[in-house]
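In this chain, numbering begins with 1 at the start of the sequence shown.
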Amino acid sequence: MPNIPCNFPCDACDHRIRSCSRGVTGPTGPTGATGATGLTGATGATGITGAIGATGATGATGITGATGATGATGALGATGATGALGATGATGATGATGLTGPFPDASPAVFYRTGDGTIAGGGLIDMPLTALANSNYSRPNGSEIQVLSAGMYLLSYYAMINTATQAIFIELVVNGAEVDPSTVGTNATANVSLSGTYIMPLSAGDRVALRNATGASFTLSGSTNPTGRITIQKIS
């Protein structure tokens, strides 16, 4: 074998012959042990955000919360327009025919009082004054009017009450017996008038008067005169 320049490391050369020979490559040796894990590299850049996913199904309705406090009452609304006038109702039954004149008394006799006055419970209201008197009546006392002939009479009464402490009843009485009471609301404290009208038969000698049918006293008002009155007229 000719000598050729040796370009291999010294451990591959035969320096005795100063020649280089190249043997066949030996088998690969066993793999060495895995080396230590290297340091973790730097974190890569954040990737692009993915597309928004589909909307999920609607969840179940939650429990109803407690009722809130009632708000303040709103302002009163404007009054609505007046409705249309209703149809006229049916005509009522014809009343009884009144008495035909002329009457025995051309005009009623009037017995009355003026000024303040306290009337005790159960007491008669005195009527000391007379107007348009005629021969059909007499005055046995200051509170009663006596009829002198039998017949049908028209009677009316009136009283102006000023103060009281309870409901007030006044009544027309004939010979001390009640004809029919009239009443006004409880505890009248201002001028309140009570009145009534009746047609009734009276006998000669009957006495008519106006009585306080209330258990307590009341005061007649002197601000409006007369403060009490009875009118009586013979009509048949």
Side-chain angles (χ1 to χ4, degrees), residues 40-96 112-127 154-173 177-200 209-231:
T40 302
T43 301
T46 302
I48 298 173
T49 301
I52 296 174
T55 303
T58 303
T61 302
I63 298 172
T64 302
T67 302
T70 302
T73 302
L76 185 64
T79 302
T82 302
L85 184 64
T88 303
T91 302
T94 303
Y112 67 100
R113 58 160 294 130
T114 60
D116 295 343
T118 298
I119 310 301
L124 298 180
I125 300 176
D126 57 313
M127 304 285 180
L154 172 65
L155 299 102
S156 63
Y157 66 87
Y158 161 91
M160 177 63 76
I161 312 301
N162 184 29
T163 58
T165 57
Q166 65 183 65
I168 302 167
F169 296 83
I170 64 173
E171 59 189 1
L172 192 66
V173 293
E178 174 190 293
V179 175
D180 193 28
S182 177
T183 182
V184 70
T186 304
N187 298 331
T189 57
N191 291 349
V192 178
S193 63
L194 301 178
S195 61
T197 300
Y198 303 94
I199 295 176
M200 66 184 69
L210 194 60
R211 182 169 63 193
N212 175 6
T214 310
S217 63
F218 61 74
T219 302
L220 295 169
S221 171
S223 62
T224 302
N225 283 312
T227 54
R229 182 184 66 224
I230 293 176
T231 62

Rounded to the nearest 0.5 Å, what separation is found between the [atom1] atom of [X] and the [atom2] atom of [Y]?
X: F169; Y: T214; atom1: CZ; atom2: OG1; answer: 6.5 Å
X: T46; Y: I48; atom1: OG1; atom2: CD1; answer: 11.0 Å
X: R113; Y: M127; atom1: CZ; atom2: CE; answer: 7.5 Å

Legend entry - Pair T231-S156, side-chain donor/acceptor within less than 3.5 Å: yes
Legend entry - R229 NZ/CZ over Y158 ring centroid, <6.0 Å and within 45° of normal: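 The answer is yes; both the distance and angle limits are met.
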State, to 0.1 Å, how close [X] and [Y] come at their nearest heavy-atom pair, and which atoms those are.
X: S217; Y: A120; answer: CB-CA, 3.8 Å
X: V179; Y: M200; answer: CG1-CE, 3.3 Å
X: I170; Y: A159; answer: CD1-CB, 3.8 Å

Inset, instruction - Would you sort out whether L124 and L210 count as a side chain to side chain contact (heavy atoms under 4.5 Å, CB included), showing the intermediate values? - result: CA-CA 6 Å; L124 298 180; L210 194 60; over 6 Å; no
Legend entry - Check: I119 main-chain N/O paired with N212 side-chain donor or acceptor under 3.5 Å: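 Side chain of N212 to backbone of I119: a pair is present.
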Legend entry - Option passing side chain to side chain contact (heavy atoms under 4.5 Å, CB included) with L220 (candidates D116, I125, N162): I125
Inset, instruction - Dump the intermediate steps for side chain to side chain contact (heavy atoms under 4.5 Å, CB included) on L194 and I161, then the final yes or no. - result: CA-CA 8 Å; L194 301 178; I161 312 301; 4.1 Å; yes
Inset, instruction - Test L172 against Y198 for side chain to side chain contact (heavy atoms under 4.5 Å, CB included), laying out the working first. - result: CA-CA 9 Å; L172 192 66; Y198 303 94; 3.9 Å; yes
